[in-house]
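Just the heavy atoms: all of them, side chains too, but no hydrogens, waters or symmetry mates, feed the values below. The model shown is predicted, which means the values in this text are computed figures rather than measured ones. Naming convention: chains lettered A, B, ... in sequence-line order (proteins, then strands); numbering from 1 in each chain.
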There are 2 protein chains.
Amino acid sequence: MTRVLVVDDEPQILRALRINLRARRYDVEVAGDGAAALRLAASHRPDIVVLDLGLPDMDGVQVIRGLRGWTNVPIIVLSGRAGSQDKVAALDAGADDYVTKPFGVDELLARVRAVTRRAAGAGEEVPAVEIGRRTVDLTAHAVRTADGAEVRLTPTEWHLLEILVRNPGRLVSQRQLLHDVWGPQYQSETNYLRQYMAQLRRKLEDDPSRPRHLLTEPGMGYRFQP
Amino acid sequence: MTRVLVVDDEPQILRALRINLRARRYDVEVAGDGAAALRLAASHRPDIVVLDLGLPDMDGVQVIRGLRGWTNVPIIVLSGRAGSQDKVAALDAGADDYVTKPFGVDELLARVRAVTRRAAGAGEEVPAVEIGRRTVDLTAHAVRTADGAEVRLTPTEWHLLEILVRNPGRLVSQRQLLHDVWGPQYQSETNYLRQYMAQLRRKLEDDPSRPRHLLTEPGMGYRFQP
DNA sequence: GGCAGTCGTCAAGATCACGTCAAGAACCGC
DNA sequence: GCGGTTCTTGACGTGATCTTGACGACTGCC
């Protein structure tokens with residue numbers, strides 16, 4: 001039985017979601033503030049968290065960070081405002097999806113199904129990918145040229161490359177790359193990214209000045225194109 | 001069976017819509033004023049609301065807000081005057097579409113079908129949509145032509161396109177687009193919209209001068225037609 | 001038919017983001 | 001301590017992107 005933790009400070013929303021989710025055979029826990037949410041998450045280990053950003057005791061983004069410190073349980077965020085600032089902040093902090101109030105129960109249920117599906121399918125292996133004449137083997141932690149010679153990457157280069165390769169074809173935002181490689185406080189130091197992307201291209205691309213697999217999306221981020 | 005709530009103060013319109021919708025196998029409830037509309041919406045949970053803005057007891061926009069406080073049921077607005085400011089306010093308040101009186105029943109039925117289609121698919125993954133020969137993949141943040149070549153969009157172009165594509169078939173007001181893309185203080189700079197909509201059409205439409213998917217609704221806003 | 005408002009288009013300068021180079025600081029194995 | 005590697009940080013030229021203004025075409029209204 002899938003366990004859902006619903007965090008909201010409005011009793012009528014808690015009530016509505018509890019009724020609807022229980023009717024769909026979810027095991028539902030509710031919390032009215034951030035502190036209770038973190039406590040219940042730790043004790044009950046939910047499979048999904050539905051989190052309202054507007055809580056009385058603490059910022060919703062803080063709750064996300066608190067959860068993400070020790071779990072990667074899927075988090076669906078509810079927010080009263082459609083403003084994209086909140087959305088970006090929540091997603092950057094580690095939320096999985098985002099629903100703007102007012103929302104239909106059907107829509108929320110659909111998103112719950114979507115993230116559970118995604119969580120179930122996560123963890124698939126990406127054994128080896130090709131970049132030009134080089135082969136990147138994530139499990140072996142090695143890069144080789146066509147004739148077997150090894151290409152040495154520094155730890156930071158590996159970290160960056162790994163994130164991109166694990167999201168083939170997908171755009172990865174600069175903020176996310178900086179957050180994952182350098183940490184939360186480095187989210188605007190884009191010169192680090194420029195520096196290391198250039199090094200990766202020099203080591204991996206056939207023609208570093210004309211990258212075909214490690215692509216820049218100006219103003220947004222980078223993409224690994226298989 | 002799809003439940004429709006029709007709200008209008010003119011008995012002959014109520015009668016005509018009830019007959020026509022029932023003939024199409026919709027389950028029809030009617031209300032003559034805003035208070036009755038809110039009451040019936042709460043008790044009967046309609047799948048669509050058709051709402052006349054000119055009600056005797058309260059402003060139609062207030063009715064929309066009252067509904068949007070707890071549900072995102074599709075709302076189609078009927079308005080007496082074309083080009084009225086009311087319609088923009090209604091869209092900004094959360095209406096999904098509008099029809100100007102006098103209207104043909106066929107047109108209204110077409111809109112009803114459009115918004116129900118949209119509501120059914122809401123919340124599910126929107127992996128890729130087609131615009132002419134191009135495919136827009138929101139999760140990968142990529143646009144490709146039929147032969148696999150990549151179409152490059154700037155951050156602002158993406159932002160604008162994303163809002164439209166996430167509301168397929170729905171009319172999005174200029175104010176909302178400007179607010180979401182450029183921020184709260186840019187709500188009257190419609191020349192930005194004209195500029196970027198033109199760029200999107202050049203990059204996405206098969207015939208940019210005759211757009212078939214990125215449509216202009218004069219005086220109101222823009223619509224993405226799948 | 002004139003008029004006001006809106007839309008699509010073009011063009012320009014201002015601004016921003018990127019790739020690159022370079023140099024000092026920190027780290028590590030010996 | 002020392003040499004080499006890696007990481008951090010700053011600066012700069014170039015090109016892309018954003019912003020802004022202006023103009024003609026079109027539409028609906030008087």
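When the local axes at the two ends of the helix from C/dG1-D/dC30 to C/dC30-D/dG1 are compared, using 5 base pairs at each end, they differ in direction by 40° after rounding to 10°.
Between A/R202 and A/E157 there is no salt bridge, since no side-chain nitrogen of the basic residue lies less than 4.0 Å from a carboxylate oxygen of the acidic one. The pair A/D96-A/R68 meets the salt-bridge criterion, with a side-chain N (NZ, NE, NH1 or NH2) lying under 4.0 Å from an Asp/Glu carboxylate O.
Dashed line: the shortest gap from a side-chain N or O of B/W182 to OP1 or OP2 of D/dT19 is under 4.0 Å. Between A/T154 and the phosphate of D/dC7, there is a side-chain N or O to OP1/OP2 separation shorter than 4.0 Å.
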Summarise how protein sits on nucleotides 18-30 of chain C as a single string, 5' to 3': B when a protein heavy atom is under 4.0 Å from the base, S for sugar-phosphate-only contact, - for no contact. BBBBB--------

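Following rounding to the nearest Å, B/D207 (CG) and C/dG8 (P) show an atom-to-atom distance of 14 Å. The CZ-C1' distance, from B/R152 to C/dA17, rounds to 13 Å in whole Å. Separating the CD atom of B/Q185 from the P atom of D/dT19 is a distance of 11 Å, rounded to the nearest angstrom. Here D/dT19 presents its P atom at 12 Å from CD of B/E157, a figure rounded to the nearest Å. Between B/Y196 atom OH and C/dC7 atom P the separation is 18 Å, expressed in whole Å. The CD-C1' distance, from B/Q199 to D/dT19, rounds to 11 Å in whole Å. Separating the CG atom of A/L178 from the C1' atom of D/dT8 is a distance of 13 Å, rounded to the nearest angstrom. If you measure from atom CG of A/L160 to atom C1' of D/dT6, you get 15 Å, rounded to the nearest angstrom.
Side-chain atoms of B/T2 and B/D47 form no donor-acceptor pair, as typed in the model, at a separation below 3.5 Å. In this structure, a donor-acceptor pair under 3.5 Å is absent between the side chains of A/D137 and A/T135. A donor and an acceptor atom, one from each side chain of A/R201 and A/T216, are located under 3.5 Å apart. Counting only N and O atoms by type, the side chains of B/R24 and B/N20 include a donor and acceptor under 3.5 Å apart.
A distance of 6.0 Å or more separates the ring centres of A/Y196 and A/W158.
Taking a 6.0 Å sphere around CZ of A/R212, one finds it holds 12 or fewer heavy atoms contributed by other residues, nucleotides or ligands.
The minimum heavy-atom distance between B/R134 and B/L204, with the atom names listed, is NH1-O, 2.9 Å.
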